[in-house]
> 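Pasting in a structure now, in structure tokens, and then I'll have a few things to ask.
So you know, we letter chains A, B, ... as the sequences are listed, proteins then strands, and number each from 1.
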Amino acid sequence: MDAYDFSAIEARWRDFWSERGFFQTDTSAREGTYYYLNMFPYPSGYLHVGHGRNYIIGDLITRVKIMRGLQVLNPMGWDAFGLPAENAAIENNTHPWTFTQKNIDNAKEQFRIWGVQFDWNRELATCLPDYYKWTQWLFVQLYKAGLAYKKKATVNYCPTCDTVLANEQVVGGVCERCDTPPEPRDLEQWFFKITNYAQRLLDDLSTLEKWPDNVVKMQENWIGRSEGAEVTFVAETGDPITVFTTRPDTLWGATFMVLAPEHPLVDKLATDAQREAIATYRDQAARASEIDRLSTDREKTGVFTGGYAQNPVNGEKVPVWIADYVLMTYGTGAIMAVPAHDERDFAFAIKFGLPIIPVIDRTDGLAKSVVFPGSVDADFAHRLDALHIDYERQPLGDLGEGLFVTMHGEAQIDKYVEVMRENLAPGNWNEIVGARWLFVFNDTVLELDGTASDREILARCKAIYPPVGKNRTVMEMLNGLSFYRNVLFHAEYGTMIHSGEFTGTPGDRAKADVSQWLETKNIGRATINFRLHDWLISRQRYWGAPIPMIHCEKCGQVPVPEDQLPVLLPETEFIGKMGLADIPGYADTTCPECGGPAKRDTDTMDTFVDSSWYYLRYINPQDATRAFARSDVDHWLPVDQYVGGVEHAILHLLYARFITKALYDMGHVGFTEPFARLFTQGMVCHTAYKCPDHGWLYPKEVSSGATTCPKCGKDLDISSFKMSKSKRNVVDPKDIVDHYGADTERLYTMFMGPPDRDIDWTDEGIRGAFRFLNRVWTLIISSLDQLGAVGTKANTAELDESALSLWRRVHRTIKKVSEDIEERFSFNTAVAAIMELFNELSPYTSGGTVDAALLREAIDALVLILSPFTPFVCEELWQRTGHTDSILEQPWPSYEDAALEQDTVEIPVQVNGKLRARITVPAAVAVDAAALKDAALANERIQAELAGKNLIKAIAIPGKMVSLVVK
RNA sequence: GCCGGGAUGGCGGAAUUGGCAGACGCAAGGGACUUAAAAUCCUUUGAAGGGUAACUUCGUGCGGGUUCGAGUCCCGCUCCCGGCACCA
């Protein structure tokens with residue numbers, strides 16, 4: 001008998017499917033179409049088994065859909081522009097395209113070996129002129145629609161490399177190539193106005209029901225909608241300073257303002273005395289930005305401008321500061337600081353001694369007070385006991401023992417104030433902090449309700465106890481006692497206090513009421529702000545799509561006329577490091593409008609632009625007259641199933657959604673979302689070994705089971721990481737295919753675990769898959785002479801019990817595998833079900849009488865449902881079992897409902913929640929609750945269980961179980 | 001800090017709608033074949049109790065709860081992973 005010779009088998013079928021054109025798609029089809037799409041890859045140098053996961057899933061689904069008789073589109077292309085190619089080209093002194101082309105060839109060969117099929121007639125590469133021509137066309141459309149504009153923006157400039165760095169090139173705050181911290185530079189940059197679509201991008205997320213929840217959430221967070229108000233303060237200079245706040249109800253507590261260091265008004269507000277300090281701070285903030293903003297909990301820094309503004313709601317004069325915790329890129333670049341109800345403002349105010357006035361009541365009614373030793377008589381504690389007020393005695397530094405009082409609710413606080421007023425010894429004070437802000441003095445009780453009382457209270461305290469004079473505000477003084485720390489600040493919605501006519505407004509209305517009032521007073525208005533900002537697409541690089549714009553002194557910015565596209569990348573020897581601006585002669589052109597001399601834009605586009613529309617180009621990839629045909633894309637899109645890595649959950653998917661909506665608004669497409677259903681597959685990880693001295697080791701270097709370095713004997717750091725060259729833990733598909741074949745790799749990849757989860761590749765696991773294929777091979781080849789004629793089906797009337805059981809298993813498995821693949825994306829359980837079928841089939845073939853027709857039915861079904869996983873061996877087995885056509889010409893098997901029904905059913909019986917018996921009943925009984933209950937009660941085991949006890953309750957769930965309650 | 005997701009045998013995982021926990025695979029043990037090894041085949045395998053016959057108890061990160069019944073639902077935690085992070 002033939003052994004399972006996978007390499008011969010795979011060689012035989014490798015080109016068969018493409019030669020027969022099974023994977024070529026007719027996009028003029030309008031019936032039964034299915035668009036499957038993998039995120040197209042960047043053509044990097046090599047593919048490892050982890051990359052395979054994505055494409056194997058796609059190939060598997062495509063094969064099933066073809067067998068379903070659908071017209072399937074599963075294209076492949078290359079996201080080929082970008083920095084790695086450019087860097088590699090510099091290193092090898094070659095053109096990026098040379099490098100890219102080689103990688104593309106490698107990848108295509110790898111796909112061929114994996115048996116992963118695509119419609120190669122639709123291949124595209126974003127770096128080729130017939131693609132980027134249409135990327136430029138897209139840019140021009142966006143420009144004409146007012147969605148592309150130029151403005152000054154700060155970029156990272158590396159002084160050593162003498163070039164601009166993309167954000168991704170700044171790693172850990174330094175240039176990835178030379179470790180120099182980049183300098184910020186202001187340059188004119190192109191942006192796409194994605195913020196125009198913020199609300200729609202957010203709203204339409206709710207229509208994406210078939211997207212993973214976590215991706216939807218990530219996009220939601222990224223868009224970052226917040227509702228609030230814009231409020232205008234007026235500076236002493238007369239300049240309006242508009243701020244955005246989500247808490248207009250806290251306006252009365254705005255005791256200072258903070259502007260971003262880059263805010264345009266800073267120069268105007270600055271007093272001469274502060275000018276130098278401001279300049280220094282701005283400089284330092286600009287330089288430090290990238291590195292330091294990584295740490296959120298670093299101490300607040302800032303500088304006073306010297307200027308003041310007026311709080312429009314209470315007329316208070318508030319100082320204006322600058323600080324780098326306020327970002328120029330969010331809101332208006334200026335904030336009103338409400339230190340009593342914002343953590344950051346609180347920290348800033350404490351550090352710089354700015355007043356902190358609570359204006360929102362606590363919702364929990366919690367208040368605290370510290371009674372200093374000697375400020376009351378010894379009986380005071382008993383009085384508190386009588387009032388049921390909690391306190392603890394604790395030492396207060398070297399002053400002696402104090403009472404640390406905790407109160408809940410207004411009534412208790414009032415009683416406490418009363419008893420404190422009666423008992424406070426002369427020359428003392430006592431404060432109540434939290435739900436109330438009261439200071440009991442011998443002659444009066446003062447409330448901390450504004451900056452005036454802040455000053456008065458502090459002055460009185462200082463007079464009584466001079467050491468507190470070092471504090472600049474009452475809050476700073478209170479902050480000195482750690483007992484108070486958790487009641488000094490809160491960010492909850494609550495009843496407004498110390499807020500003029502709004503005092504007493506309940507928390508659930510405060511925000512809306514104040515917003516409305518601001519509007520009538522013409523001080524501000526309710527507004528919505530988004531975290532999302534416009535998409536900076538300019539790159540000062542060579543290897544990207546040139547921005548098709550011309551700058552003419554007379555006519556201004558002029559788009560390149562569409563009939564003159566593409567603007568080609570200049571052919572040049574000297575590439576890399578520099579951008580298009582450095583290529584002599586590139587920029588020189590004539591103005592399309594006036595014909596005079598003009599300059600081309602020398603920026604190229606972010607590669608995310610290339611990938612934001614490629615799914616459209618696949619429909620008409622060779623159309624030289626247009627980017628795509630609306631009549632075709634309107635039929636084929638949205639993409640039925642989009643699959644890719646979760647690392648693209650935000651940017652790529654958001655940009656693609658934006659571009660689709662923009663194209664819709666411009667009338668180029670008839671749909672508003674590009675991807676109907678999304679699946680994000682997990683990463684494949686592998687054990688990596690790290691020696692403290694010798695760094696990362698190849699798994700081969702470490703003898704199996706060893707935990708120490710083979711070179712120095714030190715303990716290795718062994719853990720699992722995403723496969724990467726640098727960690728030396730990649731598994732090369734070549735090794736796997738050579739040893740076990742591509743089918744085994746495919747099967748194991750699908751069987752490893754749930755496809756949306758990260759998973760470890762193990763060398764033991766792959767052997768299990770290989771063993772299984774060997775068993776399948778051996779069983780089928782050795783059963784050939786027992787096999788019924790092609791096309792025969794089992795006659796159930798003639799089958800004995802074990803045969804009937806197998807017959808049912810066959811159909812049950814078809815059902816499960818179909819659902820697991822097409823509905824649940826649960827390939828691991830589909831494989832398990834096929835293994836179970838095999839585990840029943842195998843003993844059947846060697847167990848005496850074998851029904852030839854049933855065996856035919858079972859083996860055909862097994863081969864068909866296994867074929868999307870392991871197409872090579874299945875195609876071979878299909879032929880060996882007597883078929884003359886290809887599996888892909890076969891319909892996906894259907895199951896018979898009759899086979900899903902059992903004659904008898906095993907039903908578990910519980911007594912008091914514990915499993916006590918399993919009864920086997922006819923199917924008719926199992927579905928009848930009353931009969932099922934009787935059957936359970938009749939059971940011997942249950943009878944014994946019930947003996948001497950009362951049956952309280954009997955629950956019978958038809959088809960599922962019986963549950964008895966006894967006493 | 002905020003927002004997601006997760007935790008089940010020695011390991012990867014299964015249990016789809018609240019209904020027999022541990023499917024399937026790996027690893028490990030025992031046996032067959034073999035001069036031997038590999039491969040293959042058979043077999044045992046959640047833990048505990050004199051316990052590889054059919055019994056009992058315990059068992060899905062921890063603590064409570066709802067229910068006849070909870071891996072699954074509710075409340076409160078712990079730890080791990082991912083995203084965002086001074087976003088006003």
> With no hydrogens and no angle check, is any side-chain donor or acceptor of A/Asp756 less than 3.5 Å from a backbone partner on A/Gly682?
no
> A/Val643 vs A/Gln681, test: side chain to side chain contact (heavy atoms under 4.5 Å, CB included). Steps then yes/no.
CA-CA 7 Å; A/Val643 176; A/Gln681 93 277 2; 3.8 Å; yes
> Could you go step by step and tell me if A/Lys351 and A/Glu299 meet the salt bridge (Lys or Arg N to Asp or Glu O under 4.0 Å) rule?
CA-CA 9 Å; A/Lys351 175 160 179 189; A/Glu299 210 178 322; 3.3 Å; yes
> Sub-3.5 Å donor-acceptor pair from the side chain of A/His341 to the main-chain atoms of A/Ile360, do we have one?
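Checking the backbone N and O of A/Ile360 against the side chain of A/His341, a donor-acceptor pair under 3.5 Å is found.
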> Rounded to whole angstrom, note down the C1' distance from B/rA28 over to B/rG9.
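After rounding to an integer number of Å, I get 13 Å for this pair.
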> Mark yes or no: A/Arg677 above the aromatic ring of A/Trp211, with NZ or CZ under 6.0 Å from the six-membered ring centre and no more than 45 degrees from the axis.
no
> Under 30°, 30 to 60°, or over 60°: which ring-plane class applies to A/Phe346 and A/Phe489, parallel, tilted or perpendicular?
tilted
> What nucleic acid atoms does A/Gly753 come within less than 4.0 Å of, heavy atoms only: base, sugar-phosphate, or nothing?
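Result for A/Gly753 = nothing.
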> Could you list the protein-to-nucleotides 27-34 of chain B atom pairs, N/O on both sides, closer than 3.5 Å?
unit_1: B/rA27; atom_1: OP2; unit_2: A/Arg771; atom_2: NH2; d: 3.2

> Quick one: sort the A/Phe679 and A/Phe825 rings into parallel, tilted or perpendicular, breaks at 30° and 60°.
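Ring orientation of A/Phe679 relative to A/Phe825: tilted.
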> Less than 3.5 Å apart, any donor N or O on the side chain of A/Thr920 or A/Thr904 sitting next to an acceptor on the other?
no
> Identify whether any heavy atom of A/Leu964 sits under 4.0 Å from a base atom; if not, whether one sits that close to sugar-phosphate; answer base, sugar-phosphate or nothing.
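No contact at all - A/Leu964 keeps every heavy atom at 4.0 Å or more from the nucleic acid.
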> Does A/Glu823 reach a base, just sugar-phosphate, or nothing at all? Heavy atoms under 4.0 Å.
nothing
> In whole angstrom, what separates A/Met961's CE from B/rC20's P?
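Whole-Å distance recorded here is 6 Å.
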> Could you check how far CD of A/Glu220 sits from P of B/rG83, rounded to whole Å?
18 Å
> List the steps and the verdict of side chain to side chain contact (heavy atoms under 4.5 Å, CB included) for A/Arg225 and A/Ile528.
CA-CA 7 Å; A/Arg225 181 185 199 271; A/Ile528 288 153; 2.9 Å; yes
> Under a plain distance cut-off of 3.5 Å, with no hydrogens placed, do A/Tyr330 and A/Ser226 share a side-chain donor-acceptor pair?
yes
> Return the minimal non-hydrogen interatomic distance between A/Pro264 and A/Met328, and the atom names on each side.
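Looks like CD-CE, 3.9 Å.
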> Please report the distance, rounded to the nearest Å, between CZ in A/Phe827 and P in B/rA23.
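A/Phe827 atom CZ is separated from B/rA23 atom P by 23 Å.
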> Would one find a side-chain N or O of A/Asn774 under 4.0 angstrom from OP1 or OP2 of B/rA39?
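No.
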> With heavy atoms under 4.0 Å as the rule, sort A/Asn828 into base, sugar-phosphate or nothing.
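It contacts sugar-phosphate atoms only.
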> Before giving the answer on side chain to side chain contact (heavy atoms under 4.5 Å, CB included), spell out for A/Tyr748 and A/Met752 the whole-Å C-alpha distance, their side-chain angles and the decisive distance to 0.1 Å.
CA-CA 6 Å; A/Tyr748 175 57; A/Met752 281 194 290; 3.4 Å; yes
> I want to check one thing: is the phosphate of B/rC3, taken as OP1 and OP2, less than 4.0 Å away from some side-chain N or O of A/Arg531?
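No, A/Arg531 has no side-chain N/O under 4.0 Å of OP1/OP2 on B/rC3.
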> Where each residue is assigned the nucleotide of RNA chain B containing its nearest heavy atom, which of A/Gly913 and A/Asn214 is assigned the position nearer the 5′ end?
A/Asn214
> Tell me the interatomic distance from A/Met750, atom CE, to B/rG13, atom P, rounded to whole angstroms.
15 Å
> Give me the residues of residues 251-259 of chain A where at least one heavy atom lies under 4.0 Å from an atom of RNA chain B, by number, or none.
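When residues 251-259 of chain A is checked for heavy atoms under 4.0 Å from RNA chain B, there are no hits whatsoever.
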> Shorter than 3.5 Å, N or O on both sides, protein versus nucleotides 43-46 of chain B: list them out with atom names.
none

> Taking only N and O in the side chain of A/Arg824, is any of them less than 4.0 Å away from OP1 or OP2 of B/rA15?
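Yes, A/Arg824 has a side-chain N/O under 4.0 Å of OP1/OP2 on B/rA15.
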> Test your reading of the model: is there a side-chain donor-acceptor pair from A/Asn828 to the backbone of A/Pro755, 3.5 Å cut-off?
no
> Between A/Ser826 and A/Tyr330, who's closer to the 5' end of RNA chain B by nearest nucleotide?
A/Ser826
> Among residues at least two apart in sequence or on other chains, which ones pass salt bridge (Lys or Arg N to Asp or Glu O under 4.0 Å) with A/Glu836?
A/Arg809
> Please step through salt bridge (Lys or Arg N to Asp or Glu O under 4.0 Å) for the pair A/Glu819 and A/Lys816, ending with a clear verdict.
CA-CA 5 Å; A/Glu819 288 170 358; A/Lys816 174 155 177 67; over 6 Å; no
> Would you indicate whether the side-chain heavy atoms of A/Thr687 and A/Asn729 approach each other to under 4.5 Å?
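No, too far: nothing below the 4.5 Å cut-off.
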> Rounded to whole Å, please give me the gap between CD1 in A/Ile952 and P in B/rU67.
16 Å
> Establish, with yes or no, whether the OP1 or OP2 oxygen of B/rC3 is under 4.0 angstrom from a side-chain nitrogen or oxygen of A/Lys217.
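Checking B/rC3 against A/Lys217, no side-chain N or O comes under 4.0 Å of OP1 or OP2.
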> Would you measure the distance from the C1' atom in B/rU60 across to the matching atom in B/rU72 and give it in whole Å?
10 Å
> Nearest to the side chain of A/Lys300, which nucleotide is it out of B/rG19, B/rA88, B/rC86?
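Minimum distance to the A/Lys300 side chain belongs to B/rC86.
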> Please state the C1' separation for the pair B/rC24 and B/rA15 - nearest whole angstrom.
12 Å
> Hydrogens and angles aside, do A/Asp345 and A/Tyr325 bring a side-chain donor and acceptor to less than 3.5 Å of each other?
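The answer is yes; a qualifying pair exists.
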> In whole angstroms, how far is the P atom of B/rA88 from the OH atom of A/Tyr325?
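These atoms are roughly 13 Å apart.
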> Write down the distance between NZ (A/Lys815) and P (B/rU16), rounded to a whole number of angstrom.
13 Å
> With A/Arg775 as the cation and A/Tyr4 as the aromatic partner, state whether NZ or CZ is under 6.0 Å from the six-membered ring centre and within 45° of the axis.
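No, A/Arg775 and A/Tyr4 do not form such a contact.
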> Between protein and nucleic acid, restricted to nucleotides 54-56 of chain B and to nitrogen or oxygen atoms under 3.5 Å apart, what atom pairs and distances do you find?
unit_1: B/rU56; atom_1: OP1; unit_2: A/Arg941; atom_2: NH2; d: 3.0

> Under the 3.5 Å rule, do the base of B/rC20 and the side chain of A/Lys960 count as making a donor-acceptor pair?
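No such pair is found, so the answer is no.
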> Looking across every strand, which nucleic acid part, if any, lies under 4.0 Å from A/Met752 by heavy atom: base, sugar-phosphate, or nothing?
sugar-phosphate
> For the C1' atoms, the ones on B/rA14 and on B/rU66, what distance do you get once it is rounded to whole angstrom?
27 Å
> Please state the C1' separation for the pair B/rU67 and B/rA7 - nearest whole angstrom.
25 Å
> Determine, for A/Phe348 and A/Lys300, whether the Lys NZ or Arg CZ falls below 6.0 Å from the six-membered ring centre while staying within 45 degrees of the axis.
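Judged by the rule, A/Lys300 and A/Phe348 form no cation-pi pair.
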> Expressed in whole Å, how much space separates the P atoms belonging to B/rG29 and B/rA47?
15 Å
> Using a 3.5 Å limit on both pairing distances, list the dot-bracket string of RNA chain B from the 5' end; Watson-Crick and G-U wobble pairs count, crossing pairs take [ ], interstrand pairs take |.
(((((((..(((......[....))).(((((.......))))).((((.....))))..(((((..]....))))))))))))....
> Between B/rG19 atom C1' and A/Ile907 atom CD1, what is the distance in whole Å?
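A/Ile907 atom CD1 is separated from B/rG19 atom C1' by 10 Å.
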> Give me the distance, rounded to whole Å, that separates B/rA21 from B/rU16 when you measure between the P atoms they each carry.
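Their P atoms lie roughly 14 Å apart.
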> Mind checking the P distance from B/rU8 to B/rC80? Whole angstroms is fine.
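B/rU8 and B/rC80 have their P atoms separated by 15 Å.
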> Hey, is B/rG9 sitting syn or anti, using the within-90° cutoff around 0?
syn
> Just checking A/Ser226: base, sugar-phosphate only, or nothing, at a heavy-atom cut-off of under 4.0 Å?
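Sugar-phosphate: the residue A/Ser226, judged by heavy atoms under 4.0 Å, touches backbone atoms but no base.
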